[in-house]
**Q** 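Could you have a look at this structure, given as structure tokens, before my questions?
Each chain gets a letter, A, B and so on, in the order the sequences are listed, and its residues count up from 1.
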There are 2 protein chains.
Amino acid sequence: MFQTSNALRRSVHSQVTDRVGSSIVRGEIGVGETLPPEMQICEMMDVSRTVVREAIRTLTGKGLIESRPKSGTRVRPPEQWNQLDPDVLRWHLESAEIDRYLAKLFQLRSAVEPAAAALAATHAAEDDIARIRAGCDGMDAAKTNEDFVAADIAFHQAIYFATRNEFFWPIAQMFEITLRQSFTIAATGSHRPRALIEHRAVLDAIVAGDAEAARAATVVLLAHSAHDLVRIRGREFETTSERPGRKR
Amino acid sequence: MFQTSNALRRSVHSQVTDRVGSSIVRGEIGVGETLPPEMQICEMMDVSRTVVREAIRTLTGKGLIESRPKSGTRVRPPEQWNQLDPDVLRWHLESAEIDRYLAKLFQLRSAVEPAAAALAATHAAEDDIARIRAGCDGMDAAKTNEDFVAADIAFHQAIYFATRNEFFWPIAQMFEITLRQSFTIAATGSHRPRALIEHRAVLDAIVAGDAEAARAATVVLLAHSAHDLVRIRGREFETTSERPGRKR
DNA sequence: TTGTCATAATGTATGACAAATGAAATGCGG
DNA sequence: CCGCATTTCATTTGTCATACATTATGACAA
């Protein structure tokens, strides 16, 4: 049984959270400005104050806003948002500048994933390796493009989990959200074989417990991935070391 | 005017959030188990249901729990927690295994910061550089150890902001929380000169717009930092590439 | 400038009802 | 009597409405 419509059937306060959070991330409210008073939001969205307050609590917890009696609820500077929070991420990716954000997320991934692979090589347990291998095999056996991408995601997530370092895990979460929003990252048939070989190289290095080889193999994998992204979505995804000039 | 006592004067729901969240992170409730019903928590903590519900909303927003009518509120698997959320981080660091967690956070930092410095070299604006330089100067001019550490933190945070990539910022937030919990990371006089030189090296590379130099200088800086940490807090902080054996 | 106070916003408490769901009770056919 | 589907029931979260407490802002006055 599926959830018939996507946004249907969800609780009222999560809908309010979405609307308010999205409009903050979108920049409609502006840093330092105050939201309308709770009662006013109630009227605008035709819900009870309970619901509005719980939505505000959620957003406060994600660092987007802070409220004080009398002075109201203000938008905090984006430096203090939990930018890696799944919801915040989603609100970003719903915006018009999705390609910009995907590129930035890829920058973070490029920074973290080689180190994650290296840590996985030294810290992975047997079942971690089994999950990584399952990802590889899944890519191999995939008939549809959808299956291939799913296995690909599983592979990379498994590497983050294999670090046995929970602070790497939020980066893994990032994938699901990112990929769910933009499905065009899929491997388009032709370079599947190469991708497969490169994934196996990472797996082998991890199995061998060779941290440096795992790091190197991941760097290669990501470089090609970036190249594909440039081809598909534009030059925002160019590698970092190619922009010498100072801005502004 | 300061907040006289640390935990005093805080709102009731944030106190409840702390107590419940802390006990979850501490593992007192166990993954998959259900919390007591809301009304029961009300009685236990002698607060209204409003407060308990808002606390639960906050924790739900951080991915710690999920609730459904009748079945109750369950603890989600730690893979889905927002491990980099400041509160979650704090609850971790309040636990007994603080050194373990500090070591893991340092692993993440080691993965990200070299890349952040490289990005800063190519993307930093003038005011970003000014902030980084201010950090250096602050370390130079520091009389007390406290001032030195504060400037040190400011320096590193400025580098993350200079990436102009908001998804690196949560990592920077990490510092404040980490350092506020354990102040022993301070540079103990003797190796201040070396630290200063290494920080300036990073700054210079960023000013020059040389990404690879910035990355390399940061790697050096972190290596020495890790060495100091091992000396002060124990061998948990050893570099990753030195543990060949497979576990379990 | 300083102190006081009115006021408007969030914070907390309470009680009621709606909705969802897991589990027990029930009914039916075998 | 047993197995299985169905219904009913009870428990827990979800939502609403209202009242009052608390706090900080901004105006006013000394």
**Q** A:Glu66: which residues meet the side-chain hydrogen bond (donor to acceptor under 3.5 Å, both in side chains) condition with it, sequence neighbours left out?
**A**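 Testing A:Glu66 for side-chain hydrogen bond (donor to acceptor under 3.5 Å, both in side chains), a comparison that skips the adjacent residues, returns none.
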
**Q** Side chains of B:Glu113 and B:Tyr160: is there a donor and an acceptor less than 3.5 Å apart?
**A**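 Result is yes, a qualifying pair exists.
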
**Q** Should B:His13 be listed as having a side-chain N or O under 4.0 Å from OP1 or OP2 of C:dT12?
**A**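 Yes, within the criterion.
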
**Q** Select base, sugar-phosphate, or nothing to describe what A:Ser67 touches, counting heavy atoms under 4.0 Å on all strands.
**A**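 Touches sugar-phosphate only.
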
**Q** Before giving the answer on ring-ring contact (aromatic ring centres under 6.0 Å, His included), spell out for A:Phe168 and A:Phe161 the whole-Å C-alpha distance, their side-chain angles and the decisive distance to 0.1 Å.
**A** CA-CA 8 Å; A:Phe168 280 74; A:Phe161 290 131; over 10 Å; no

**Q** Would you tabulate the pairs of protein nitrogen or oxygen atoms and nucleotide nitrogen or oxygen atoms of nucleotides 4-8 of chain C closer than 3.5 angstrom?
**A**
| residue | atom | partner | partner atom | Å |
| --- | --- | --- | --- | --- |
| C:dA8 | O4' | A:Lys70 | NZ | 3.3 |

**Q** What is the distance, to the nearest angstrom, from the CZ atom on A:Arg10 to the C1' atom on D:dT13?
**A**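 My rounded result for the distance is 17 Å.
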
**Q** Nearest-Å distance, CD (B:Gln15) to P (C:dG11)?
**A**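 These atoms are roughly 14 Å apart.
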
**Q** Does a side-chain N or O from B:Arg57 land closer than 4.0 Å to OP1 or OP2 of D:dG14, or not?
**A**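 Yes, within the criterion.
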
**Q** Do A:Ser71 side-chain and C:dA9 base share a donor-acceptor contact under 3.5 Å?
**A**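 Answer is no: no donor-acceptor pair is held.
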
**Q** In whole Å, what is the span from the CG atom of A:Leu59 to the P atom of C:dT10?
**A**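 Going from CG in A:Leu59 over to P in C:dT10 covers 14 Å.
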
**Q** Check ring-ring contact (aromatic ring centres under 6.0 Å, His included) between A:His13 and all other residues, then give those that pass, not counting sequence neighbours.
**A**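 By the ring-ring contact (aromatic ring centres under 6.0 Å, His included) rule, A:His13 matches no residue at all.
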
**Q** Could you walk me through whether A:Asn165 and A:His123 pass the side-chain hydrogen bond (donor to acceptor under 3.5 Å, both in side chains) check?
**A** CA-CA 9 Å; A:Asn165 181 333; A:His123 291 69; over 6 Å; no

**Q** Can you tell me if A:Ser11 touches the phosphate of D:dT13, counting only side-chain N or O atoms and a distance under 4.0 Å to OP1 or OP2?
**A**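 For D:dT13, OP1/OP2 do not have a side-chain N/O of A:Ser11 under 4.0 Å.
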
**Q** For DNA chain C, which residues in residues 31-43 of chain B have a heavy atom at a distance below 4.0 Å?
**A**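 None, since no heavy atom is under 4.0 Å.
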
**Q** I want to verify a distance call: between C:dA13, D:dA17, C:dG11, whose nearest atom is closest to the B:Ser48 side chain?
**A**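 The closest nucleotide is C:dA13.
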
**Q** Judged by atom type as modelled, is there a donor-acceptor pair below 3.5 Å linking the side chain of B:Gln83 to the main-chain atoms of A:Glu166?
**A**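 Answer holds: no.
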
**Q** Can you tell me if A:Asp85 uses its side chain to pair, donor with acceptor, with the backbone of A:Val88 under 3.5 Å?
**A**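 A pair under 3.5 Å: yes.
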
**Q** Nearest heavy atom decides the nucleotide; on that basis, is B:Thr50 or B:Thr73 closer to the 5' end of DNA chain D?
**A**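 The residue mapped nearer the 5' terminus is B:Thr73.
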
**Q** Using a 3.5 Å limit on both pairing distances, list the dot-bracket string of DNA chain D from the 5' end; Watson-Crick and G-U wobble pairs count, crossing pairs take [ ], interstrand pairs take |.
**A** ||||||||||||||||||||||||||||||

**Q** For B:Asp128, which residues count as a side-chain hydrogen bond (donor to acceptor under 3.5 Å, both in side chains) partner, sequence neighbours excluded?
**A**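 For B:Asp128, the residues satisfying side-chain hydrogen bond (donor to acceptor under 3.5 Å, both in side chains) (neighbours in sequence not counted) are B:Arg164.
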
**Q** From CZ of B:Arg74 over to C1' of D:dT12, roughly how many Å is that when rounded to an integer?
**A**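 Computing the B:Arg74:CZ to D:dT12:C1' distance gives 12 Å.
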
**Q** Between A:Glu54 and B:Arg53, does any NZ, NE, NH1 or NH2 come within less than 4.0 Å of an OD or OE carboxylate oxygen?
**A**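 Answer for the salt bridge query: yes.
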
**Q** In the structure I gave you, are the side-chain heavy atoms of A:Asp147 and A:Met139 within less than 4.5 Å of one another anywhere?
**A**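 Heavy-atom side-chain distance check fails, nothing below 4.5 Å.
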
**Q** Below the 4.0 Å mark, does D:dT12 have OP1 or OP2 next to a side-chain nitrogen or oxygen of B:Arg68?
**A**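 Negative; the distance criterion is not met.
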
**Q** Answer with yes or no whether the side chains of A:Ser14 and A:Ser11 bring together a donor and an acceptor at under 3.5 Å.
**A**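 Yes.
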
**Q** For the residue pair A:Tyr101 and A:His92, does the interplanar ring angle fall in the parallel (under 30°), tilted (30 to 60°) or perpendicular (over 60°) class?
**A**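 Geometry flag for A:His92 against A:Tyr101: tilted rings.
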
**Q** For the pair made of CD1 in B:Ile65 and P in D:dT12, what is the distance, rounded to whole Å?
**A**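 These atoms are roughly 16 Å apart.
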
**Q** May I ask you to verify whether the side chain of A:Arg49 and the base of C:dG11 hold a donor-acceptor pair under 3.5 Å?
**A**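 Between C:dG11 and A:Arg49, which were checked side chain against base, a qualifying N/O pair under 3.5 Å is present.
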
